[in-house]
Undergrad: 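Have a look at the structure that comes next, please.
Starting from 1, each residue takes its place in the sequence as its number.
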Amino acid sequence: MNDSSRGAPTSTGYWGPPDQGAAPAGPAYDEPGTQQTRPMPIVPGDPDAGRDAADREDRDRGAARLSGPPVRDEMPQEPMPIPPPPAAPQPSEPQPPQKKRAGRDLRAAIGVGVGLGAVIVAALFVVKSVFVGVIAVAVVVGLWELTSRLRERKGIRAPLVPLAVGGAAMVVAGYVRGAEGAWVATALTALAVLVWRMTEPPEGYLRDVTAGLFATFYVPFLATFVAMMLTAEDGPQRVFTFLLLTVVSDTGAYAIGWRFGRHKLAPRISPGKTREGLLGAVAFGMGAGAVCMPLLIDGGTWWQGLVLGLAVAVSATLGDLGESMIKRDLGIKDMGSLLPGHGGIMDRLDSLLPTAPVVWLLFVVFVGAG
């Protein structure tokens, strides 16, 4: 019998009857020992059957990715565009200089300044005694600001009550009794400061009374020279000239320094002040003095006005620097906030107080005590 009549071998290895036709290719007819990959049938109603099938499908896909070329299900992405080469740098155009800004609210400052000026001029030329009262009120408020800042920032308790009462008395005594009355009132005020502080514990006594004596001479004593100026026959004109020259000098320093200031005058004390601003103060002050002295002061001349304007510009600048030193030591910007756009009363008296004795002395030298 030939081999063709014996039939084909079966899966058990025995020869059986010949197959009626070729068996379809599939996993059921592979060689023995080959791993079967026939999918398990899904039993209806089995909740885990679908999840198991999905897990097997995911594992098969992972194996295909590791063993063959990557297969991407997503749509093909367009190639990233190649950025154009950077253009050659163009010469930069010069930027316009930034416009300087003032450090304060100019509208508020101008409005408050005009209002204060109107009140002062009205009191000055209507009744002298009313203006003396204005000086006394400014002194008391200035002392309150100064002693309050000393207490807040340094813990220095300069006695305000004897300072305020004595300061007002010093101004009135200077107007009524002149220089002699001012000196006597100053001595009594200093003594009152020493005694008043004795009612408190001795700790810090020397520090507190030293600050009190400093405040006595810094605010009311210097303000007394304004009252003494007022005692002359042309006293209102002298006081007005003193105020006008100081304001004009400050305005010239601000305007020129803000526009042309490049070189610092005293950067460690007041970074905003410049040498150009000082020159502006001198020029404005001398110009105003040359005009005011012959027009307002009896017996005054233009050259005396030049000297007076120069002295005012220098003393006002030094006074401003002096208070700036105090405020830097205290770590504050302004002594108070009573005047919008200006700060406190002391921030307006800083240039006036040290200028008052200088102007009083020059008036006495040039035209007499009056």
Undergrad: Identify the two heavy atoms, one from Glu276 and one from Phe260, that lie closest to each other, and give their separation to 0.1 Å.
TA: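 Scanning both residues completely, I find the closest heavy atoms to be CG-O, 3.6 Å.
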
Undergrad: Mind checking the CD-CZ spacing from Gln237 to Phe242? Nearest 0.5 Å is all I need.
TA: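 It comes to 15.5 Å.
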
Undergrad: Mark yes or no for whether Glu145, through its side chain, and Gly336, through its backbone, hold a donor-acceptor pair below 3.5 Å.
TA: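 Between the backbone of Gly336 and the side chain of Glu145 there is no qualifying donor-acceptor contact (under 3.5 Å).
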
Undergrad: Of the options Ile120, Val171, Val172, which is the one that meets Ile135 in a side-chain contact (heavy atoms from CB on, under 4.5 Å)?
TA: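 Among Ile120, Val171, Val172, the one meeting side-chain contact (heavy atoms from CB on, under 4.5 Å) with Ile135 is Val171.
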
Undergrad: Can you name the nearest heavy-atom pair linking Pro354 to Gly319, along with the distance?
TA: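 Here Pro354 and Gly319 meet closest at CG-CA, 3.4 Å.
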
Undergrad: How are the rings of Phe225 and Phe221 set relative to one another: parallel (under 30°), tilted (30 to 60°) or perpendicular (over 60°)?
TA: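 Phe225 and Phe221: perpendicular rings.
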
Undergrad: In sequence, state the C-alpha distance, the side-chain angles, and the governing distance for Asp347 and Glu323, and then conclude on side chain to side chain contact (heavy atoms under 4.5 Å, CB included).
TA: CA-CA 8 Å; Asp347 296 299; Glu323 189 177 356; 3.7 Å; yes

Undergrad: With side chains defined as the heavy atoms from C-beta onward, is the minimum distance between His263 and Thr274 less than 4.5 Å?
TA: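 With C-beta onward as the side chain, the pair stays apart.
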
Undergrad: Compare every heavy atom of Leu163 with every heavy atom of Ala215, then report the nearest pair and how far apart it is.
TA: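 For Ala215 and Leu163, the tightest heavy-atom pair comes out as CB-CD1, 4.1 Å.
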
Undergrad: With a 3.5 Å distance limit and no angle check, can you tell me whether Arg328 reaches the backbone of Ile332 through a side-chain donor-acceptor pair?
TA: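 No, because the side chain of Arg328 does not come within donor-acceptor range (under 3.5 Å) of the backbone of Ile332.
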
Undergrad: Which of parallel (below 30°), tilted (30 to 60°) and perpendicular (above 60°) describes Phe366 and Trp303?
TA: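 Rings of Phe366 and Trp303: perpendicular, over 60°.
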
Undergrad: Is there a donor-acceptor contact under 3.5 Å from the side chain of Lys128 to the main chain of Leu230?
TA: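 Yes; at least one donor-acceptor contact below 3.5 Å.
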
Undergrad: Is a donor on one side and an acceptor on the other found under 3.5 Å between the side chain of Tyr218 and the backbone of Leu143?
TA: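 Side chain of Tyr218 to backbone of Leu143, a donor-acceptor pair under 3.5 Å: no, none is there.
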
Undergrad: Assigning hydrophobic clusters by single linkage (Ile, Leu, Val, Met, Phe, Trp, Tyr; side-chain heavy-atom cutoff under 4.5 Å), is Val307 placed with Val364?
TA: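 Yes: a chain of side-chain contacts under 4.5 Å links Val307 to Val364.
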
Undergrad: Check whether any side-chain heavy atom of Arg348 sits under 4.5 Å from a side-chain heavy atom of Leu352, and report yes or no.
TA: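 They are not in side-chain contact.
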
Undergrad: Verify the cluster assignment for Val247 and Met229: are they in a single hydrophobic cluster under the rule of side-chain heavy atoms below 4.5 Å apart?
TA: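 Not linked; separate clusters.
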
Undergrad: Establish whether Val239 and Ile297 are linked, either directly or via other cluster members, by ILVMFWY side-chain heavy-atom contacts under 4.5 Å.
TA: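 Yes, Val239 and Ile297 fall within the same hydrophobic cluster.
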
Undergrad: Could you pull out the closest heavy-atom pair between Pro220 and Thr224, with the gap in Å?
TA: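 Where Pro220 meets Thr224 most closely, the heavy atoms are O-OG1, 2.7 Å.
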
Undergrad: Sort out for me which residue in Val359, Asp250, Leu308 forms a side-chain contact (heavy atoms from CB on, under 4.5 Å) with Leu245.
TA: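 One option only clears the test, and that one is Leu308.
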
Undergrad: When rounded to the nearest 0.5 angstrom, what is the spacing between CZ in Arg157 and CG in Asp208?
TA: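 It comes to 5.0 Å.
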
Undergrad: If you measure from CZ on Arg151 to CG on Leu160, what distance do you get to the nearest 0.5 Å?
TA: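 One finds 7.5 Å between CZ of Arg151 and CG of Leu160.
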
Undergrad: Show the numbers, then the answer: is there a side chain to side chain contact (heavy atoms under 4.5 Å, CB included) between Phe214 and Ile326?
TA: CA-CA 12 Å; Phe214 164 74; Ile326 296 173; 3.7 Å; yes

Undergrad: For residues Leu338 and Ile345, determine if any side-chain heavy atom of one lies less than 4.5 Å from a side-chain heavy atom of the other.
TA: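 SC-SC contact between Leu338 and Ile345 confirmed.
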
Undergrad: Evaluate whether atom CZ of Arg177 has more than 12 neighbouring non-hydrogen atoms of other residues, nucleotides or ligands under 6.0 angstrom away.
TA: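 Open.
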
Undergrad: For the hydrophobic clusters of this structure (ILVMFWY residues joined by side-chain heavy atoms under 4.5 Å, transitively), does one cluster hold both Phe125 and Val132?
TA: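 Shared cluster, yes.
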
Undergrad: Compare every heavy atom of Pro357 with every heavy atom of Leu222, then report the nearest pair and how far apart it is.
TA: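 What the structure gives for the nearest pair is CD2-CG, 4.0 Å.
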
Undergrad: Supply the atom-to-atom distance Leu213 CG to Thr186 OG1, rounded to the nearest 0.5 angstrom.
TA: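 Answer rounded to 0.5 Å: 11.0 Å.
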
Undergrad: When rounded to the nearest 0.5 angstrom, what distance separates OG1 in Thr147 from CD1 in Ile156?
TA: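 The OG1 atom of Thr147 sits 11.0 Å away from the CD1 atom of Ile156.
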
Undergrad: Is a side-chain donor or acceptor of Arg149 paired with a backbone partner of Lys327 at a separation under 3.5 angstrom?
TA: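 The answer is no, because no donor-acceptor pair under 3.5 Å joins these two groups.
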
Undergrad: Kindly indicate, with the supporting measurements, whether the criterion side chain to side chain contact (heavy atoms under 4.5 Å, CB included) is fulfilled by Leu265 and Thr317.
TA: CA-CA 10 Å; Leu265 178 63; Thr317 302; 4.0 Å; yes

Undergrad: Looking at CG of Leu330 and CG of Leu146, how far apart are the two atoms once the value is rounded to the nearest 0.5 Å?
TA: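 If I round to the nearest 0.5 Å, the distance is 8.0 Å.
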
Undergrad: Would you say the side chain of Leu244 lies within less than 4.5 Å of the side chain of Cys292, judging by non-hydrogen atoms?
TA: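 When only atoms from C-beta onward are counted, Leu244 and Cys292 do touch, with a gap below 4.5 Å.
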
Undergrad: Applying the 4.5 Å side-chain criterion to the ILVMFWY set and letting contacts propagate, would Val209 and Val165 be lumped into a single cluster?
TA: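 No, it is not one cluster - the side chains of Val209 and Val165 are not joined through contacts under 4.5 Å.
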
Undergrad: Taking all non-hydrogen atoms of both residues, which atom of Ala123 and which atom of Val130 are closest, and how far apart?
TA: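 Answer, listing the atom of Ala123 first, then Val130: CB-CG1, 3.8 Å.
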
Undergrad: Decide yes or no on side chain to side chain contact (heavy atoms under 4.5 Å, CB included) for Met346 and Trp144, but give the supporting numbers first.
TA: CA-CA 10 Å; Met346 285 301 299; Trp144 169 71; over 6 Å; no

